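Predicted model only: the values in this text are computed from it and were never measured.
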Amino acid sequence: MGWNSWNHFAERVDDKTIRETANALVSTGLRDAGYIYLNIDDTWEGQRDANGVIRPNDKFPDMKALAEYVHSKGLRLGIYSSPGPKTCAGFEGSLGHEEQDAQTYAQWGIDYLKYDWCQPQPSNVEEMRAAYTKMHDALKKTGRPIVLSLCQYGWNKVWQWGPSVGGNLWRTTGDISDRYSVMAEIGFNQNGLENFAGPGHWNDPDMLEVGNGGMNEDEYRTHFSLWAMLAAPLIAGNDLTKMTPYTVEILTNREVIGVDQDPAGKQGFRIAQEGPFEIWMKPMRDGSKVVGLFNRQRTVEQMSVNFSAIGISGQASVRDLWLKKDFGTFTNSYSAYVPAHGVVLVRISAR
């Protein structure tokens with residue numbers, strides 16, 4: 001869990017933005033809710049010196065000092081690079097400098113690396129595997145624990161080999177944008193990848209757009225609920241210094257975060273679909289089942305889940321995780337009215 005600069009700030013990110021975001025992670029309660037990684041995306045890179053050591057550009061005058069500031073807030077600092085000669089924005093990549101860059105990151109105090117394949121897809125998977133393995137080995141050699149995030153858009157079925165090259169998470173899709181249609185296409189298409197996720201290695205459907213303004217409140221609640229059901233990394237991407245109370249409430253809902261962060265680490269999956277209506281289920285460590293009733297239609301509709309479909313017979317108690325309210329005991333099924341493009345997220349426990 002954490003925050004990344006790209007979705008809102010893109011190339012405008014700088015030292016001041018990162019420090020202000022660190023302060024906001026604390027003051028808004030996001031840090032205490034679990035958002036601890038503060039990740040700088042592309043455009044921080046400067047030139048290499050005469051020895052080949054990467055330097056930040058003028059936007060980041062002292063990366064080590066910045067890391068110390070972020071750490072002083074109880075947070076961890078992430079950075080970005082590419083296994084190619086250039087990053088996606090045309091800055092200096094890590095090709096041929098993997099060990100050098102890893103050592104530099106460790107010296108600065110970096111805790112997380114997003115490693116972005118900013119070049120054409122190779123003709124064979126081995127080229128990609130070799131590049132990611134090389135950086136993983138370089139990071140490991142530093143002796144500093146650094147999360148490795150593989151960003152290569154789901155090419156070559158990365159979920160099948162991501163753990164073997166040292167990936168802690170891997171993108172399964174192209175870039176998200178702040179539109180319901182794009183978010184929904186990405187999120188609902190994660191069904192079928194649940195067997196490849198687990199503690200220490202996660203499918204990543206890209207960062208959150210909650211609070212950036214392109215969707216309405218019900219759509220953002222769907223976004224966050226679906227990512228929680230997917231046990232996906234929760235990486236916020238909005239301006240944390242300018243949040244509405246509703247955005248703060250979504251991002252800090254402890255019960256929904258608890259679904260995402262459940263120690264069993266099981267990814268949810270679709271158990272029923274009828275046209276624009278989808279029912280998803282996520283098994284929890286305590287034996288309960290979290291169920292998402294997702295309405296992809298533009299009108300309010302009633303939806304139901306049969307308890308037999310989630311492995312429960314007879315009676316069960318139901319709690320709404322967004323309303324934070326127990327609804328009591330139900331027999332055989334539960335029904336609710338679901339907003340347009342919205343969700344009802346419930347935790348169902350056998351009695």
Side-chain angles (χ1 to χ4, degrees), residues 2-7 9-22 37-72 75-120 122 127-153 165-171 175 207 235:
W3 179 90
N4 178 285
S5 61
W6 188 258
N7 281 0
F9 291 98
E11 72 283 353
R12 303 187 309 278
V13 66
D14 57 13
D15 181 280
K16 180 173 180 286
T17 299
I18 297 302
R19 290 173 186 264
E20 290 175 346
T21 301
Y37 285 94
L38 201 173
N39 298 339
I40 305 167
D41 210 281
D42 205 351
T43 77
W44 66 266
E45 305 89 348
Q47 301 300 313
R48 296 187 182 277
D49 67 16
N51 297 315
V53 176
I54 187 72
R55 301 298 186 192
N57 57 37
D58 292 344
K59 297 192 300 176
F60 292 91
D62 190 335
M63 198 66 83
K64 185 175 175 61
L66 179 58
E68 290 172 352
Y69 184 83
V70 168
H71 293 156
S72 76
L75 302 165
R76 297 173 186 171
L77 186 64
I79 209 159
Y80 170 103
S81 190
S82 170
K86 297 293 182 181
T87 67
C88 293
F91 289 73
E92 192 72 19
S94 290
L95 181 64
H97 296 274
E98 292 84 358
E99 283 201 14
Q100 213 167 21
D101 287 359
Q103 291 293 336
T104 299
Y105 301 154
Q107 290 165 12
W108 285 344
I110 297 299
D111 307 290
Y112 181 115
L113 173 63
K114 177 181 174 182
Y115 208 40
D116 196 352
W117 191 275
C118 299
Q119 50 196 321
E127 182 182 339
M128 193 171 275
R129 289 172 60 108
Y132 282 108
T133 299
K134 192 171 187 179
M135 181 52 86
H136 167 258
D137 292 346
L139 294 172
K140 188 175 181 180
K141 190 175 179 180
T142 69
R144 182 176 181 82
I146 298 176
V147 172
L148 179 58
S149 169
L150 313 186
C151 184
Q152 49 76 278
Y153 317 107
V165 300
N168 300 112
L169 59 155
W170 46 82
R171 282 275 295 280
D175 290 346
M207 301 169 287
I235 308 294

Requested in this report: Measure the OG-CD1 distance between Ser81 and Ile110 for me, rounded to the nearest 0.5 Å.
Outcome: 11.5 Å
Query raised in the report: Do the side chains of Phe9 and Ile40 get nearer than 4.5 Å, heavy atoms only?
Result: no
Requested in this report: Would you indicate whether the side-chain heavy atoms of Lys114 and Asp41 approach each other to under 4.5 Å?
Outcome: yes
Query raised in the report: Is there a donor-acceptor pair under 3.5 Å between the side chain of Arg144 and the backbone N or O of Gly109?
Result: yes
Query - Nearest non-hydrogen partners of Val147 and Asn168, listed with the distance - result: CA-OD1, 3.5 Å
**Report entry** Leu150 side chain reached by Leu148 side chain, heavy atoms, under 4.5 Å
**Finding:** yes
**Report entry** Minimum heavy-atom distance Pro56-Met63, with the two atoms named
**Finding:** CB-CE, 4.0 Å
Query raised in the report: Ignoring hydrogens and geometry, is there a side-chain-to-backbone donor-acceptor pair from Thr133 to Ala130 under 3.5 Å?
Result: no
**Report entry** Heavy-atom pair with the smallest gap, counting every atom of Met128 and Pro122
**Finding:** CE-CD, 3.5 Å
Query raised in the report: Hey, is the main chain of Cys118 close enough, under 3.5 Å, to the side chain of Lys86 for a donor-acceptor pair?
Result: no
Query - Partners passing salt bridge (Lys or Arg N to Asp or Glu O under 4.0 Å) against Arg48 (at least two apart in sequence or in another chain) - result: Glu92, Asp101
Report task. Return yes if some donor-acceptor pair links the side-chain N/O of Asn39 with the main-chain N/O of Ile79 below 3.5 Å, else return no. Result -> no
Requested in this report: Side-chain contact test, heavy atoms from C-beta onward, threshold under 4.5 Å: evaluate it for Asp111 versus His71 and give yes or no.
Outcome: yes
Query raised in the report: With a 4.5 Å heavy-atom cut-off, do Val70 and Ile18 have their side chains touching?
Result: yes
Query raised in the report: Which residues pass the salt bridge (Lys or Arg N to Asp or Glu O under 4.0 Å) test with Glu99, sequence neighbours left out?
Result: Lys141
Query raised in the report: Where do Ala89 and Asp42 come nearest, in terms of heavy atoms and distance?
Result: N-OD2, 2.8 Å
Query - Contact check, side chains of Trp117 and Gln119, non-hydrogen atoms, under 4.5 Å - result: yes
**Report entry** Considering all heavy atoms, the nearest Trp108-Ala67 contact
**Finding:** O-CB, 3.1 Å
Report summary line: SG of Cys151 to CE of Met207, rounded to nearest 0.5 Å, is 7.5 Å
Query - Spatial distance of atom CD (Gln103) from atom CG (Leu139) [nearest 0.5 Å] - result: 9.5 Å
Query - Check: Ser82 main-chain N/O paired with Thr87 side-chain donor or acceptor under 3.5 Å - result: no
Query raised in the report: NZ of Lys59: more than 12 outside heavy atoms within 6.0 angstrom?
Result: yes
Query - Contact check, side chains of Asp62 and Tyr69, non-hydrogen atoms, under 4.5 Å - result: no
Query raised in the report: Does one side chain, of Asp116 or Tyr80, offer a donor that lies under 3.5 Å from an acceptor on the other?
Result: yes
Report summary line: Residues passing the side-chain contact (heavy atoms from CB on, under 4.5 Å) test with Glu20, sequence neighbours excluded, are Lys16, Thr241
Query raised in the report: What is the minimum heavy-atom distance between Ser94 and Tyr115, and which atoms define it?
Result: CB-OH, 3.5 Å
**Report entry** Under the side-chain contact (heavy atoms from CB on, under 4.5 Å) test, residues paired with Arg55 that sit two or more places apart
**Finding:** Asp49, Val53
Query raised in the report: Just by distance, do the side chain of Gln100 and the backbone of Asn51 share a donor-acceptor pair under 3.5 Å?
Result: yes
Query raised in the report: Residues in ring pair (Phe, Tyr, Trp, His ring centres under 6.0 Å) with Trp170, at least two apart?
Result: none
Query raised in the report: For Asp175, which residues count as a salt bridge (Lys or Arg N to Asp or Glu O under 4.0 Å) partner, sequence neighbours excluded?
Result: Arg171
Requested in this report: Can you measure from OH (Tyr105) to CD1 (Ile146) and round to the nearest 0.5 angstrom?
Outcome: 9.0 Å
